[in-house]
Every structure is written in structure tokens, then in C-alpha cells.
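Structure first, then comments.
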Amino acid sequence: MQKSIKLGLVLSGGGYRGVAHIGVLKAMEELGIKPDFISGTSAGAIVGSLYAAGCTYNEIFDVFIKTELFSYQNYTFKKPGLIDGSKIEKLLKTHLKEDSFESLKIPMFIATTDLIDGKTHFFNKGPLIKPIIASSSVPGVFSPIVFNDLLLCDGGVTNNFPIEPLQICCDKIIGVFLNSLLETSKKQLKTTRSVLERAYKITRVNASEDKFKFCDVFIAPKELGKYEIFSKSHAKEAFEMGYQEAKFQLSEL
């Protein structure tokens, strides 16, 4: 009997650029491609978990569009971060009927970073919502999450392309990376913000690029780099970029 091929999907972080992941899911659905396993960090953890729970790409897109992270009610004044990530828990509960990895229709791995030991911690069983929030808690913006005696933050700090679990259980891997570097110049790096953003992107790319070669299909829309990670003003454009790039790259699979 012929062995069935196990397909993995790895989704990087990227803030609101994560809507590009949703465009990729639309392309995969149209091509009849469905992953057997998903691994994600930060925005990839949110999109991947909602998809693994059975949400459609339209429903996931609505979550990103309608969520106002920077509303006054989400700010915290007593925790180490601008926004209390735990306040997003109610939103996730409306879309995830059961708070457990075991309830998902597709097995999911979520990457987080422990601020104490400085290492990546993967979750794939037990409570689901806390690891999702932890994986998305960008330091300095979101307060870290205490879970399983760990102090957790954004998985992208240590692992923005969490391919490792899929290499163990999958025969083929589709990778989606949302932090590609655009060409720049000295003239474009004149402000503190522009330099910090450039340094952030360089760090993410350099830490991840050695893993790209392990993907059978690699999807990385280059023009996404011009959009800010905490702005959803170009969400529709990012969605379309993910969709078009995925259709092009997946056509051979």
C-alpha cells in the first residue's frame, strides 16, 4: 500500500501583514491543497489556529480587520507592556469553541519565547488560547503571558519561522514568510523609526533564511515589506499579495 504524503504548512510572524497568510489559505483552498499539520508563530499562530479550528479564510480575515488592538480598553498601566494581551482572550473564544489543541481539526504547533531561559517553547496539546496570545505578544507592545510556570512572549523573538516540528512529521512543507527585505538606501534611513524597523527586519530574515531551503514550496511576497506590522490600512493589498504569490508558487505542487 502506498504511503500517503503528509503536508506541513509553516506560517511566520508579521503583525497585520498576517492577512497575507489568509490570502495563501484562499489559494490553497482553490487548488485543493490542505495541510496535515500547521506550525506558526505570532500572526501565523493566530491564522493557523483559526484555520485549524475550521474557520474559513473570510472569517479569519474579518477577525484581523475588526480587531482594534490599540483601543483604550486594551491598554494596561500595571504590566510590562502597552497592551494587555489577555484582553484579546474574549475575542479568540468567540471563534474557538473549545480551548484545546485536541479540539482542532488539523494538528497545530505554536512557537513562543520564554523570557527567562531565552529559548523557543512549542505547544501542541492542552489549552490553546494562552499559547496563541503568548506567541503574539511582541515585547514592549504587549505584556508577556504567564503560562505553565513560564513567562512567555512573541515566538518570533527566537523563532520566526518555526519549521522544526514539521520536519519530524511531514514529507512536504509549504513555508510562508512575511518579513522579506525590500531594497533601501541611505536617504530612506534618516529617522529613528526607519532604522529600528530596518534592523528588526534584518534580524528576522537572518535568523530564518537558513531554514527556507527545507521548504518544498516557499512563499514570500516581497512587496509586503513596505507595510508596517502594526497598521491594517493595507490589509486588502496584503491579502491579495499573499493570494497571488501563493497561486504562482503552488501551481507546480
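In this structure, CG in Leu92 is found 5.5 Å from CD1 in Ile133, a value given to the nearest 0.5 Å. Atom CG of Leu11 and atom CD1 of Ile110 lie 11.0 Å apart (nearest 0.5 Å). To the nearest 0.5 Å, atoms NE2 (His95) and NZ (Lys97) are separated by 8.0 Å. Distance check: Met241 CE to Leu178 CG gives 11.5 Å after rounding to the nearest 0.5 Å. One finds the CD1 atom of Ile38 at 13.0 Å from the CG atom of Asn124 (value rounded to the nearest 0.5 Å). The structure places CD of Glu223 at 10.5 Å from CD of Glu245, a figure rounded to the nearest 0.5 Å.
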Before you tell me yes or no, could you show the steps for Tyr51 and Ile106 under side-chain contact (heavy atoms from CB on, under 4.5 Å), namely the whole-Å CA-CA distance, both residues' side-chain angles and the distance that decides it to 0.1 Å? CA-CA 8 Å; Tyr51 182 70; Ile106 302 173; 3.9 Å; yes

Determine, step by step, whether Ile174 and Val10 satisfy the side-chain contact (heavy atoms from CB on, under 4.5 Å) criterion, reporting the C-alpha distance in whole Å, the side-chain angles of both residues, the deciding distance to 0.1 Å, and the verdict. CA-CA 6 Å; Ile174 298 171; Val10 54; over 6 Å; no

I would like to know whether Lys172 and Cys215 meet side-chain contact (heavy atoms from CB on, under 4.5 Å); could you show each step before the answer? CA-CA 7 Å; Lys172 300 280 186 180; Cys215 297; over 6 Å; no

Given the rule in the side-chain contact (heavy atoms from CB on, under 4.5 Å) test, do Leu50 and Leu96 qualify, once you have shown the distances and angles that lead to the verdict? CA-CA 7 Å; Leu50 291 172; Leu96 298 169; 4.0 Å; yes

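A donor-acceptor distance shorter than 3.5 angstrom exists from the side chain of Ser135 to the backbone of Ala111, with no hydrogens or angles considered. The closest donor-acceptor contact from the side chain of Arg17 to the backbone of Ala238 lies at 3.5 Å or more, if one exists at all. Side-chain atoms of Asp36 come within 3.5 Å of backbone atoms of Leu7 as a donor-acceptor pair (strictly under, hydrogens ignored). Remark: the backbone N or O of Pro144 is not paired with any side-chain donor or acceptor of Ser137 at under 3.5 angstrom. Put simply, the side chain of Asp114 never gets that close to the backbone of Leu150: no donor and acceptor are under 3.5 Å apart. Lys130 contributes no side-chain N or O that, together with a main-chain N or O of Pro127, makes up a donor-acceptor pair within less than 3.5 Å. Remark: the backbone N or O of Ile65 is paired with a side-chain donor or acceptor of Lys232 at under 3.5 angstrom.
For the side chain to side chain donor-acceptor pair (under 3.5 Å) test, residues two or more places apart in sequence or in another chain that qualify with His121 are Asp117. Taking Thr120 as the reference, Thr158 meet the side chain to side chain donor-acceptor pair (under 3.5 Å) condition, with sequence neighbours excluded. In this view, Lys211 and Asn159, Glu164 satisfy the side chain to side chain donor-acceptor pair (under 3.5 Å) rule, not counting sequence neighbours. The side chain to side chain donor-acceptor pair (under 3.5 Å) test applied to Ser49 returns no partner, not counting sequence neighbours.
When every heavy atom of Leu224 is checked against every heavy atom of Ala20, the shortest pair comes out as CD1-CB, 3.6 Å. Shortest non-hydrogen contact noted between Gly13 and Ser42 is CA-CB, 3.8 Å. The heavy-atom pair separating Val24 from Gly242 by the smallest distance is CG2-O, 3.5 Å. Between Gly18 and Val47, the shortest heavy-atom contact is O-CG2, 3.8 Å. Taking all atoms of both residues into account, the shortest heavy-atom contact from Gly155 to Thr113 is O-OG1, 3.5 Å.
Hydrophobic cluster membership of Leu151, counting Ile, Leu, Val, Met, Phe, Trp and Tyr whose side-chain heavy atoms lie under 4.5 Å apart directly or via other members: Leu115, Ile116, Val146.
Residues Asn179 and Ser12 have side chains in contact (heavy-atom distance under 4.5 Å, counting atoms from C-beta outward). The shortest distance between side-chain heavy atoms of Pro165 and Phe37 does not fall below 4.5 Å. Looking only at side-chain heavy atoms (C-beta outward), Phe248 and Pro221 stay at 4.5 Å or farther from each other. Between Tyr16 and Ser233, the closest side-chain pair of non-hydrogen atoms is not below 4.5 Å. In this structure, Ile173 and Val217 have side chains that are not in contact, with every pair of non-hydrogen atoms separated by 4.5 Å or more. Contact annotation: the side chain of Ile46 approaches that of Ser136 to within less than 4.5 Å [non-hydrogen atoms, C-beta and beyond]. A heavy-atom distance below 4.5 Å is found between the side chains of Ser4 and Lys6. Looking at Pro162 and Ser39, their side chains come closer than 4.5 Å, going by heavy atoms from C-beta outward.
Aromatic rings of Phe212 and Phe161 (six-membered ring for Trp) have centroids within the 6.0 Å cut-off, being under it. No close placement of the Phe109 and Phe122 rings is indicated, their centers lying 6.0 Å or farther apart.
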For residues 52-61, which side-chain N or O atoms pair as donor and acceptor with protein atoms under 3.5 Å away, sequence neighbours left out?
{"from": "Thr56", "atom 1": "OG1", "to": "Glu59", "atom 2": "N", "distance (Å)": "3.2"}
{"from": "Glu59", "atom 1": "OE1", "to": "Thr56", "atom 2": "N", "distance (Å)": "2.9"}

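Phe142 and Val157 fall into different hydrophobic clusters, where Ile, Leu, Val, Met, Phe, Trp and Tyr are joined by side-chain heavy atoms under 4.5 Å apart, directly or via other members.
Counting only N and O atoms by type, the side chains of Tyr243 and Glu30 include a donor and acceptor under 3.5 Å apart.
For the side-chain contact (heavy atoms from CB on, under 4.5 Å) with Phe123, the qualifying choice from Asn148, Leu128, Ile132 is Asn148, the only one to do so.
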